[in-house]
Amino acid sequence: MTTEFKPDPIINGDQRQPFKPDEYQPLGKPVFIKKETALDAMAGDGGYKEAYLGDHLRFKMKREGKRFWAGDNISDFLHEGDKEKLIDEATEAFELVLDRLLIDRENDPNSKGTARRLAKMYFNEIMAGRYDPAPDATSFPNDSTDRYEGMLVVRSELRSMCSHHHQPVVGVAYIGLIAAQHLIGLSKYTRIAQWCARRGTLQEELANDIAREIEKATGAKDLGVYIQATHGCCENRGIMAHSSLTQTTVLKGAFKDDLGTKKEFFDNIKMQQEFAPR
Ligand SMILES: [Zn+2]
């Protein structure tokens, strides 16, 4: 007697099939089959059962070669309603962290809802820029005879978080550009900068990210981004330096190559700082 060969649907399933959120059924309790090793990670699915939406999404991103570092936006992989599920799953994980820290979250009234507060804060506030799509920045034409040809400098207040210690990074970004064929609303510069900042970042990377996104939104090739920020990881721990300030600069096009443009940008920043010292 011969048995017809049936390929294992899990091993041989079509991995490119799109994830359908309504087909996702959480098991209701955590299932840790085995710890993921580096070899597992290279093999793909790490040996976890996909009991969690978070695991499912992680494996999907690995399979598709999508980078999901702390500073990366992964909104393309999320469907409507996923964030709420992910918050539930992160709440469970933060509960475990509090338990491991030996904090009595059953009796301490201040610690009762902390796990959920932390989960919501990460997804909706301090790391919202990872999960939310880019703010839409409608552009207006700037191509008539009386088009604006000067330099535009926008000061954007920033709140970010260092990906090493998850400590706050607080500061301002100055975004300068010579307008190209179109302009975006003034508040959009800050919205884009804040969307880039609300992730786990390095200040050096953040300056690059803002410059890249502003270039995408405006088409401007001549632009500069200057960030001044204090870092909780230097103030609250480690060297405990209370007045340390980190400055990063990214210059492109005329801002980089033309000394006059560069000087005008930094003169503008000085004037802004006189108007609103940070
Ligand atoms: Zn840090």
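These numbers were taken from a predicted model, which means no experiment stands behind them. Counting convention: from 1, in listed order, for ligands and their atoms alike.
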- Task: Report yes if the side chains of I184 and F140 come closer than 4.5 Å at any heavy-atom pair, otherwise no.
- Result: no
- Message: Quick check: do V225 and T249 have side-chain heavy atoms less than 4.5 Å from each other?
- Response: no
- the Zn ion (ligand 1) to nearest N/O/S of H231 less than 2.8 Å: no
- Return yes when at least one N/O/S atom of C233 is nearer than 2.8 Å to the Zn ion (ligand 1), and no when none is. yes
- Whether H166 has an N, O or S atom under 2.8 Å from the Zn ion (ligand 1): no
- Pair F68 and F77, ring centroids less than 6.0 Å apart: no
- Write the atom name of the N, O or S atom in H165 that is nearest the Zn ion (ligand 1). ND1
- Message: Ring centres under 6.0 Å, that's the criterion: do F265 and Y226 meet it?
- Response: no
